[in-house]
Q: 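Let me begin by handing over the structure; questions about it come next.
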Amino acid sequence: MARYNPKEVEPKWRERWEKAHVFKTREDGSRPKYYVLEMFPYPSGRIHIGHVRNYAMGDVIARFKRAQGFNVLHPMGWDAFGLPAENAAMQTGSHPETWTRRNIADMRGQLKEMGLSIDWSREFATCDVEYYRWQQKLFLDFWKAGFVDRRESYVNWDPVDMTVLANEQVIDGKGWRSGAAVERKKLTQWVLKITDRAEDLLAAIDDGRLANWPDNVRAMQRNWIGKSKGATIWWPIASVPSFLPRATPDGGRGGGPNHGADPVEVFTTRPDTLFGASFLALAADHPLTAAVAAHSPEVAAFVARAAQGGTSEADIEKTEKFGVDLGLRVKHPFDPSRELPVWAANFVLMGYGSGAIFGCPGHDQRDHDFATKYGLPITPVVLPEGEDAKAFSVADKAFTGDGKLYNSEFLDGLSVDAGIEAAIARLEKLDLGKGETQWRLRDWGVSRQRFWGCPIPAIHCPSCGVVPVAEKDLPVKLPDVPAAEFATPGNPLTRTPPWLNVPCPKCGEPAKRETDTFDTFVDSSWYYARFAAGRTDKPLDKDAADYWLPVDQYIGGVEHAILHLLYARWFARAMKATGHLSVDEPFQRLFTQGMVTHATYQDSRGRWIPPEEKQEIDVSYESAAEDSFGHNPIQGILANLEGSPREFVERYEEQTNYLGKYLYVGVVQTGSHDQDLPLLVGSIEKMSKSKKNVVAPEVIANSVGVDAARWFVLSDSPPERDVEWTEAGVSGAWKLVNRIWDLAEPHEGLLARADPGKAPADADIDLRRATHATIAGVSDDIEHFRFNKAIARIYEFLNALKSFTATPALRDADLRSAPQGEAERKIEPHPEEPRSGVSKEARAEALYALVRLIAPFTPHLAEEAHEHIGGKGFVCDAPWPKADPALLVKSTVVLGVQVNGKRRGEIEIAADATNADAEKAALALDEVKRHIGSGAVKKIVVVPGRIVNIVAG
RNA sequence: GCGGGUGUGGCGGAACUGGCAGACGCGCCAGACUCAAAAUCUGGUUCCCAAAAGGAGUGUCGGUUCGACCCCGACCACCCGCACCA
């Protein structure tokens with residue numbers, strides 16, 4: 001029979017789909033809508049397996065919902081602005097747009113080969129003028145609404161590339177590309193005021209609006225927003241040295257009329273421990289520290305030393321705490337007669353709170369470390385439950401738990417929570433502090449000093465200041481810049497006078513355009529809405545947006561759990577406030593899929609070896625013990641290894657333990673590299689070019705077809721976990737494709753001859769039950785993103801189907817005695833001679849269900865098989881099969897029988913049998929009798945349909 | 001340190017609301033077909049005991065229950081995110 005040939009079949013169906021426009025989304029209010037969206041790709045050049053998995057998942061959902069009768073929107077586009085295009089331009093001398101457009105064309109072709117049910121008519125790239133012009137309009141609306149600000153802030157500046165770097169692009173204090181030491185530079189940046197919505201962005205995480213998001217993503221967002229409740233406290237400076245700045249008119253609040261300088265502002269979450277305060281500590285870059293440093297070489301030396309330590313690195317833990325006494329004293333808010341020293345300390349950060357803390361060494365470990373080092377007093381003020389006040393000590397370690405306050409005057413006896421409230425009340429009464437909430441979340445700096453991005457529509461006028469571009473003048477298009485311009489570092493926009501020089505929209509005098517472009521996260525913050533409701537004359541069509549949004553299912557990598565998803569959430573709120581949208585949460589359900597990983601290989605010199613260049617060898621135990629030269633090859637290989645052969649040795653031992661008979665000697669590279677160098681089997685990692693463990697999707701598509709690739713990336717591992725790419729796994733998927741094809745092949749035209757809708761005879765009941773149980777199970781699994789289980793169910797069904805199709809006479813047992821030549825028939829069951837009693841109708845029903853159930857996973861194969869068995873039209877247009885509830889109920893059930901909780905046998909009884917029947921049947925079993933023995937039956941627990949447990953003693 | 005998650009055969013993983021642990025796939029073993037191999041097909045495959053009978057078994061220890069991978073308590077290991085966040 002004909003071998004299934006994906007190279008012919010797959011393109012054929014893609015052409016047919018395209019010709020019939022089957023995946024074009026029609027506005028249709030009569031059907032319920034379903035919007036499936038995968039995070040759109042950055043056009044880096046090629047599709048990789050990770051994309052395949054991401055889009056295969058989305059496509060399963062899209063096709064499934066479509067078959068269920070939903071009006072499905074499943075679009076695709078390109079996150080097309082960004083740094084790599086400019087870097088490529090610098091290296092290759094081509095324009096960023098040329099590079100980007102070429103990549104898009106390549107990747108579009110590759111994506112189309114995947115057979116995705118995408119409405120390509122809605123495709124756009126964020127670098128299309130028709131997209132970014134509306135982004136500029138949204139920005140102007142946000143500006144008008146007060147969501148935009150301009151602020152001075154520090155940025156990472158690469159002096160060689162002359163650009164701002166994101167924190168992730170700074171490696172060990174150096175630019176990731178240029179390797180130049182990064183400078184901190186103060187720039188005026190455009191800012192979107194996302195902190196204004198911090199409260200609501202946080203509230204939505206826990207009030208049910210994000211109920212269908214993964215817990216870890218919600219937790220990450222919660223942490224990132226970082227709300228902490230506490231108090232701001234103003235500590236009056238006791239005696240003010242002359243060199244300190246004079247008090248500002250409003251800054252002296254609470255300090256009384258005659259303190260001479262502003263009080264020191266401190267934020268704390270534990271105002272209840274105020275009586276345990278023994279010092280104040282300021283950040284090294286706190287203004288007050290700077291003021292003292294100007295007059296004290298010792299303090300200046302401290303500031304210099306503190307600046308050396310890596311501030312953002314993870315090895316902060318190792319950094320020793322150190323500080324310096326500033327020589328200032330402050331008055332305790334609750335007892336002005338008590339004065340505390342003011343220190344500067346390296347562990348206090350200017351970027352959080354007010355850059356100053358009060359140290360309570362008894363109840364904060366960092367303060368404890370610091371106080372111990374510098375001999376500052378340590379006073380306990382919280383007594384744990386059940387501890388004796390005299391015996392309790394915090395000399396060795398800070399106590400951070402709950403308890404009762406003591407040593408705290410008016411707070412004595414209160415719990416921590418009550419103490420916090422009482423302390424805040426007193427502070428507010430004294431006008432020395434107030435209850436306050438601090439956020440970890442910062443406003444979003446969107447300025448990038450780059451060319452390849454959406455221009456920020458603003459104009460700098462010498463007399464009017466910063467002025468928005470008039471709406472009639474939109475879009476602010478990127479100017480035509482010769483490709484050669486990109487060879488020079490910096491932003492070409494600053495060197496393009498005809499574009500740069502414009503009249504001020506307000507006064508008409510000569511002015512200059514803003515040369516910053518938007519962070520590309522802005523582009524991806526609203527694309528989902530544009531897909532759904534794009535219009536040529538405005539950002540969105542509100543009616544269409546109201547119909548389609550929110551996105552019903554969003555799918556992407558967990559690496560976007562914080563920034564992209566947070567920005568998109570804020571953007572939706574801002575768009576709602578400016579009348580463009582009606583939703584504030586754009587993504588109803590979120591799914592974060594795992595990565596595709598692959599084993600890595602390294603030779604003994606540490607070079608990465610591509611998987612296709614390695615060769616596995618097995619050596620039998622006998623030959624391993626001694627080869628023809630009388631050497632043990634394992635020992636030989638191990639002896640040759642340079643560096644650390646640990647990984648290799650572990651694998652080797654593992655294999656001997658299990659197999660005994662065979663030794664997995666490992667992997668020897670062949671091909672272009674040195675022969676017979678032992679290869680280390682490395683860890684299993686995310687596919688990456690640097691580790692040479694990538695597998696190109698097109699290579700798979702050209703051999704076993706995209707259906708097999710799609711099937712593979714969805715089988716085995718649950719979708720949220722990583723899946724390891726293995727050759728064995730791919731060949732398994734290929735085998736599956738052929739199994740299904742073999743089933744369809746002998747039944748050519750079956751649907752035409754049988755009516756799968758006609759209720760078949762009773763004798764078919766087992767097959768029909770299997771069919772309907774599979775329909776119900778697969779539907780439920782897809783609905784709940786359990787693709788691996790849906791696939792397992794399909795395998796189970798195939799196994800069942802086979803037992804119905806193969807005639808018992810041709811089973812293995814009979815084959816041995818069968819005459820020569822008879823075996824041929826076993827491989828190819830006769831289509832018209834199925835197991836006795838199974839009708840054409842039952843088989844037609846089973847196969848028709850099968851092709852529709854596999855369609856979301858392997859759409860080309862489904863179409864081909866469907867056509868082969870005589871189906872009309874497209875499978876992707878066919879309705880999703882419905883399970884008949886009557887066939888999901890069994891007439892008899894098998895119950896496990898336990899004695900004292902251990903399984904001892906099973907009984908098969910009618911599904912509607914009474915408990916008494918079940919008990920009787922269970923007690924009649926020989927195994928049960930034996931295990932009860934001479935003991936008395938004390939109790940019998942019967943769970944109908946599940947189990948019988950006999951308690952005997 | 002804080003937050004989230006995960007621990008089940010040789011491997012990836014199933015097990016519904018507390019009810020037959022190991023579905024399904026891979027790998028492996030045996031057999032059929034073949035001169036042989038590949039492919040395919042059939043059967044087997046948690047561990048211990050030669051087998052049967054039996055026993056043990058879901059990271060560890062304890063608890064609740066007729067019954068625990070599942071619930072509770074304490075711990076261990078690993079993964080992810082954040083992090084001198086006051």
Side-chain angles (χ1 to χ4, degrees), chain A residues 214-224 226 228 230 266-270 281 309 311-312 314 316-317 319 321 345-349 351-360 364-367 369-370 400 438-440 558-559 561-562 654-655 657-659 661-662 712 715-718 720-724 726 728-729 731-733 735-736 738-739 742 780 786 788-799 802 806 810-813 815-816 823-824 826-828 894-906 930 938-943 945-952:
Chain A
D215 286 344
N216 60 336
V217 175
R218 289 166 56 216
M220 282 190 243
Q221 295 229 340
R222 205 181 290 122
N223 289 342
W224 190 261
S228 38
V266 160
F267 176 75
T268 180
T269 53
R270 294 293 301 274
T311 44
S312 62
I316 283 162
E317 192 129 337
T319 313
K321 289 177 181 47
N346 66 332
F347 68 92
V348 180
L349 307 175
Y352 187 79
S354 58
I357 62 156
F358 78 79
C360 177
D364 182 290
Q365 193 54 45
R366 288 161 316 180
D367 299 346
D369 295 347
F370 193 78
T400 55
Q438 278 285 338
W439 301 90
R440 193 184 164 282
V558 73
E559 67 272 18
I562 297 173
E654 232 169 67
Q655 296 291 334
N657 284 346
Y658 159 54
L659 288 169
K661 192 169 168 192
Y662 284 95
F712 172 73
S715 52
D716 288 352
S717 281
E720 67 276 14
R721 287 200 211 166
D722 292 352
V723 64
E724 190 195 347
T726 61
S731 64
K735 233 156 54 177
L736 175 277
N738 283 292
R739 274 179 74 181
D742 289 349
D780 193 51
R786 298 185 295 239
N788 55 322
K789 286 175 65 182
I791 282 173
R793 263 185 227 279
I794 291 170
Y795 273 114
E796 267 182 281
F797 185 47
L798 287 176
N799 291 341
K802 191 166 56 188
L810 294 172
R811 293 299 194 87
D812 190 48
L815 263 168
R816 272 174 227 133
E824 284 288 308
K826 175 184 63 74
I827 298 168
E828 202 170 341
V894 177
L895 298 188
V897 179
Q898 297 177 334
V899 178
N900 292 331
K902 287 235 178 276
R903 184 182 191 278
R904 298 300 178 185
E906 61 182 36
R930 195 168 58 236
K938 288 180 185 159
K939 185 179 176 184
I940 302 179
V941 181
V942 180
V943 183
R946 301 263 192 207
I947 204 160
V948 180
N949 189 17
I950 297 162
V951 188

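This one's a predicted model, so the numbers in the text were calculated from it and none came from an experiment.
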Q: What I'd like to find out is whether the side chain of A/Asp716 reaches to under 4.5 Å of the side chain of A/Arg721, using heavy atoms alone.
A: no
Q: When you measure from the side-chain N and O atoms of A/Lys735 to the phosphate of B/rC26, is any distance below 4.0 Å, counting only OP1 and OP2?
A: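 True: A/Lys735 side-chain N/O within range (under 4.0 Å) of B/rC26 OP1/OP2.
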Q: State, to 0.1 Å, how close A/Phe712 and A/Glu724 come at their nearest heavy-atom pair, and which atoms those are.
A: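 What the structure gives for the nearest pair is CZ-O, 3.4 Å.
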Q: Taking only the C1' atom of each, what is the distance from B/rA51 to B/rG7 in whole angstrom?
A: 35 Å
Q: For the side chain of A/Asp716 and the base of B/rG12, is some donor closer than 3.5 Å to an acceptor across the two?
A: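 Per atom types, the contact qualifies.
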Q: Side chain of A/Glu906: nearest nucleotide among B/rC20, B/rG27, B/rA86?
A: B/rC20
Q: So A/Ser715, base contact, sugar-phosphate only, or nothing? Heavy-atom distance under 4.0 Å.
A: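 No contact.
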Q: Picking from B/rC41, B/rG4, B/rG81, which would you name as closest to the side chain of A/Ala219?
A: B/rG4
Q: Using a heavy-atom cut-off of under 4.0 Å over every strand shown, decide if A/Val951 touches base, sugar-phosphate, or nothing.
A: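 If one applies the 4.0 Å heavy-atom cut-off, A/Val951 turns out to touch the sugar-phosphate alone, with no base involved.
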Q: Would you check if A/Lys802 and A/Asn799 make a side-chain contact, meaning some heavy-atom pair closer than 4.5 Å?
A: yes
Q: Please measure how far the C1' atom in B/rG27 lies from the corresponding atom in B/rC76, and state the result in whole Å.
A: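 About 31 Å, rounded to a whole number of Å.
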Q: How close or far is atom P of B/rC24 from atom NZ of A/Lys789, stated in whole angstroms?
A: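 Atom-to-atom, A/Lys789 to B/rC24, this comes out as 14 Å.
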Q: A side-chain contact here means heavy atoms from C-beta on lying under 4.5 Å apart; do A/Ser715 and A/Tyr795 qualify?
A: no
Q: For the residue pair A/Asp367 and A/Ile357, establish whether any side-chain heavy-atom pair is separated by less than 4.5 Å.
A: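 Yes; the side chains approach each other to less than 4.5 Å.
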Q: Confirm from the modelled atom types if A/Lys939 and B/rC66 form a donor-acceptor pair under 3.5 Å, side chain to base only.
A: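 When only heavy-atom distances are counted, A/Lys939 does not reach the base of B/rC66 through any donor-acceptor pair under 3.5 Å.
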Q: If the P atom of B/rC70 is compared with that of B/rC16, how far apart are they to the nearest Å?
A: 12 Å
Q: Out of B/rA53, B/rC26, B/rC85, which nucleotide sits closest to the side chain of A/Tyr352?
A: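 Nearest to the side-chain atoms of A/Tyr352, counting from C-beta on, is B/rC85.
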Q: Report yes if some heavy atom in the side chain of A/Arg270 is under 4.5 Å from a heavy atom in the side chain of A/Asp364; otherwise report no.
A: no
Q: Say you pick atom P in B/rG62 and the same atom in B/rA53; how far apart are they, in whole Å?
A: 30 Å
Q: Do A/Ile947 and A/Gln898 have side chains that approach each other closer than 4.5 Å (heavy atoms only, starting at C-beta)?
A: yes
Q: A/Asn788 CG to B/rC26 C1': how many Å, rounded?
A: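 Whole-Å distance recorded here is 14 Å.
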Q: I'd like to check A/Ile562 versus A/Asn223 (side-chain heavy atoms, cut-off strictly below 4.5 Å). Are they in contact?
A: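 No, side chains not in contact.
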Q: What's the closest nucleotide to the A/Phe267 side chain, out of B/rG5, B/rG19, B/rA86?
A: B/rA86
Q: Please measure how far the C1' atom in B/rC20 lies from the corresponding atom in B/rC69, and state the result in whole Å.
A: 14 Å
Q: Report which part of the nucleic acid A/Val894 touches: base, sugar-phosphate, or nothing (heavy-atom distance under 4.0 Å, all strands).
A: base
Q: Looking for any heavy atom pair under 4.0 Å, which part of the strands does A/Arg786 touch: base, sugar-phosphate only, or nothing?
A: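 Counting heavy atoms under 4.0 Å across all strands, no contact is made by A/Arg786.
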Q: Over how many whole Å does the gap from A/Arg440 atom CZ to B/rG3 atom C1' extend?
A: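 So the CZ-C1' distance, A/Arg440 to B/rG3, works out to 12 Å.
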Q: So, under a plain 3.5 Å distance rule, would you say the side chain of A/Asn949 forms a donor-acceptor pair with the base of B/rC66?
A: yes
Q: Do NZ/NE/NH1/NH2 and the carboxylate oxygens of A/Asp369 and A/Arg366 come within less than 4.0 Å?
A: no
Q: Rounded off to whole Å, could you give me the CZ-to-P distance for the A/Phe712 and B/rG13 pair?
A: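 Computing the A/Phe712:CZ to B/rG13:P distance gives 12 Å.
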Q: Indicate, with a heavy-atom threshold strictly under 4.0 Å, whether A/Arg721 touches base, sugar-phosphate, or nothing.
A: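 Sugar-phosphate only.
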Q: Identify, between A/Arg903 and A/Gly353, the residue whose nearest nucleotide on RNA chain B lies closer to the 5' end.
A: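 Its nucleotide being nearer the 5' end, the pick is A/Arg903.
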Q: Taking syn as within 90° of 0 and anti otherwise, name the glycosidic form of B/rG9.
A: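 B/rG9: syn.
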Q: For Watson-Crick and G-U wobble pairs within 3.5 Å on both distances, what is RNA chain B written in dot-bracket notation, | included for inter-strand pairing?
A: (((((((..(((......[....)))((((((.......))))))(((.....)))..(((((..]....))))))))))))....
Q: Quantified in whole Å, what is the C1' atom distance between nucleotide B/rC79 and nucleotide B/rC29?
A: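 Result for the C1' pair: 35 Å, nearest Å.
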Q: Please pick, from B/rA56, B/rG4, B/rG19, the nucleotide with the shortest atom-to-atom distance to any side-chain atom of A/Asn216.
A: B/rG4
Q: Counting the atoms with a prime plus P, OP1 and OP2 as sugar-phosphate, which does A/Pro214 contact under 4.0 Å by heavy atoms, base, sugar-phosphate, or nothing?
A: nothing
Q: How far apart are the closest heavy atoms of A/Trp439 and A/Tyr352, and which atoms are they?
A: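 Looking at all heavy atoms of both residues, the closest pair is O-CE1, 4.1 Å.
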Q: Is any side-chain N or O of A/Arg222 closer than 4.0 Å to OP1 or OP2 of B/rG81?
A: no
Q: From B/rC82, B/rA14, B/rA53, pick the nucleotide closest to the side chain of A/Ile562?
A: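 Of B/rC82, B/rA14, B/rA53, B/rC82 is nearest to the side chain of A/Ile562.
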Q: With sugar-phosphate meaning primed atoms plus P, OP1 and OP2, does A/Ala792 contact a base, only sugar-phosphate, or nothing at under 4.0 Å between heavy atoms?
A: base
Q: Can you measure A/Phe797 atom CZ to B/rG25 atom P for me and round it to whole angstrom units?
A: 15 Å
Q: Can any side-chain N or O of A/Asn949 pair as donor or acceptor with the backbone N or O of A/Gly901 at less than 3.5 Å?
A: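 Checking the backbone N and O of A/Gly901 against the side chain of A/Asn949, a donor-acceptor pair under 3.5 Å is found.
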Q: Can you tell me the distance, in whole Å, between the OH atom of A/Tyr795 and the P atom of B/rG22?
A: 21 Å
Q: Counting distance alone, no hydrogens or angles: does the base of B/rC84 have a donor or acceptor under 3.5 Å from a partner atom on the side chain of A/Arg366?
A: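 There is none.
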Q: Describe the nucleic acid contact of A/Val723 in one word from base, sugar-phosphate, nothing, applying a heavy-atom distance below 4.0 Å.
A: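 A/Val723: no heavy atom of the nucleic acid under 4.0 Å.
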Q: Would you mind telling me which residue lines up with the more 5' stretch of RNA chain B, A/Glu724 or A/Arg793, judged by nearest nucleotide?
A: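 Its nearest nucleotide lies further toward 5', so the answer is A/Glu724.
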Q: Using atom P in both nucleotides, what's the gap between B/rA56 and B/rG4 to the nearest angstrom?
A: 37 Å
Q: Send over the distance from A/Asn738 CG to B/rC41 P, rounded to a whole Å.
A: 10 Å
Q: Considering every strand and a 4.0 Å limit on heavy-atom distances, what is the contact class for A/Lys938: base, sugar-phosphate, or nothing?
A: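 A/Lys938: no heavy atom of the nucleic acid under 4.0 Å.
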Q: Within this structure, what is the CG-to-P distance between A/Asn223 and B/rG3, rounded to whole angstrom?
A: 9 Å
Q: On a whole-Å scale, what distance lies between the C1' atoms belonging to B/rA36 and B/rU46?
A: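 Their C1' atoms lie roughly 36 Å apart.
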